[in-house]
Amino acid sequence: MKAGFLGFPKSGKSFTATKLAIGTIKLFKLDGPVAFFDTESGSNYVAEMVRAETGKDLMGVRARSFDALMQFAEDCINEKVSVAIVDSISHPWAEVMASYLQQLNEKRREKGWSPLA
């Protein structure tokens, strides 16, 4: 399952994602931990809830880069994580978009075209 949560700051997105992760683990009787890719310190607020409801510590990393996100995904596979939460995708996505725009503008310069903003 992949789920996305949209809302204002402090509206409960991290809490809701964590409750869904815990519910998923319980419903499907999964053995692995919950992992959290944390770009804005949301894991601070949900770590104890994960421990209380699953008996396992919340695994996680605090980072913002796309490379760190890809490493997180690989680590989740290797560590047999049951549910991974990415909170939030905004920072890695902005990095990917900026990188793409840079590559696009390099090709445009080669053709003598003006860059895109």
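- Cluster annotation: I22 and F15 are assigned to the same hydrophobic cluster (Ile/Leu/Val/Met/Phe/Trp/Tyr, side-chain heavy-atom contacts under 4.5 Å, transitive).
- By the rule that hydrophobic residues join a cluster once side-chain heavy atoms approach within less than 4.5 Å of another member, M97 and L69 end up as members of one cluster.
- Cluster annotation: I85 and L30 are assigned to the same hydrophobic cluster (Ile/Leu/Val/Met/Phe/Trp/Tyr, side-chain heavy-atom contacts under 4.5 Å, transitive).
- Contact check for L20 versus M1: side-chain heavy atoms found under the 4.5 Å cut-off.
- One hydrophobic cluster, built from ILVMFWY side chains closer than 4.5 Å, holds both L27 and I25.
- Environment of CZ in F5: crowded, with over 12 heavy atoms of neighbouring residues, nucleotides or ligands closer than 6.0 Å.
- The CZ atom of R108 sits 9.5 Å away from atom CG of L101, with the distance rounded to the nearest 0.5 Å.
- The shortest side-chain heavy-atom distance between R62 and S43 falls under the 4.5 Å cut-off.
- To the nearest 0.5 Å, the span separating NZ on K19 from OG on S14 amounts to 14.0 Å.
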Open item on the list: With side chain to side chain contact (heavy atoms under 4.5 Å, CB included) as the criterion, how do Y45 and K10 come out once you've worked through the C-alpha distance, each side chain's angles and the decisive distance to 0.1 Å?
Closed with: CA-CA 11 Å; Y45 303 101; K10 308 292 181 204; 4.0 Å; yes

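- Salt bridge annotation for E106-R109: absent, with no cationic side-chain nitrogen under 4.0 angstrom from a carboxylate oxygen.
- Checking side-chain atoms of T39 against main-chain N and O of S88 turns up a donor-acceptor pair under 3.5 Å.
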Open item on the list: Under the criterion side chain to side chain contact (heavy atoms under 4.5 Å, CB included), I'd like the reasoning laid out for V86 against F36: C-alpha separation, chi angles, the key distance, then a yes or no.
Closed with: CA-CA 6 Å; V86 177; F36 203 107; over 6 Å; no

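- Within the structure, every pair that satisfies the side chain to side chain donor-acceptor pair (under 3.5 Å) test and touches residues 70-79, not counting sequence neighbours, is listed here: Q71-D75.
- Using a cut-off of 4.0 Å between Lys/Arg side-chain N and Asp/Glu carboxylate O, E53 and K26 are scored as salt-bridged.
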Open item on the list: Set out, in order, the CA-CA distance, both residues' side-chain angles and the distance that settles salt bridge (charged side-chain N to carboxylate O under 4.0 Å, His left out) for K107 and E110, then state yes or no.
Closed with: CA-CA 5 Å; K107 291 185 189 293; E110 291 171 6; 5.7 Å; no

Task: side chain to side chain contact (heavy atoms under 4.5 Å, CB included) between V50 and D57, worked out - done: CA-CA 7 Å; V50 170; D57 288 333; over 6 Å; no

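- Heavy atoms only, all atoms of each residue included: P33 and V81 are closest at O-CG1, 3.4 Å.
- A heavy-atom distance below 4.5 Å is not found between the side chains of V34 and M59.
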- [ ] Kindly indicate, with the supporting measurements, whether the criterion side chain to side chain contact (heavy atoms under 4.5 Å, CB included) is fulfilled by S82 and T24.
- [x] CA-CA 9 Å; S82 290; T24 300; over 6 Å; no

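- Checking each of D87, I89, V61 against F37 for a side-chain contact (heavy atoms from CB on, under 4.5 Å) leaves exactly one that passes, namely V61.
- Both F72 and V96 belong to a single network of hydrophobic side chains, linked directly or stepwise wherever heavy atoms of I, L, V, M, F, W or Y lie under 4.5 Å apart.
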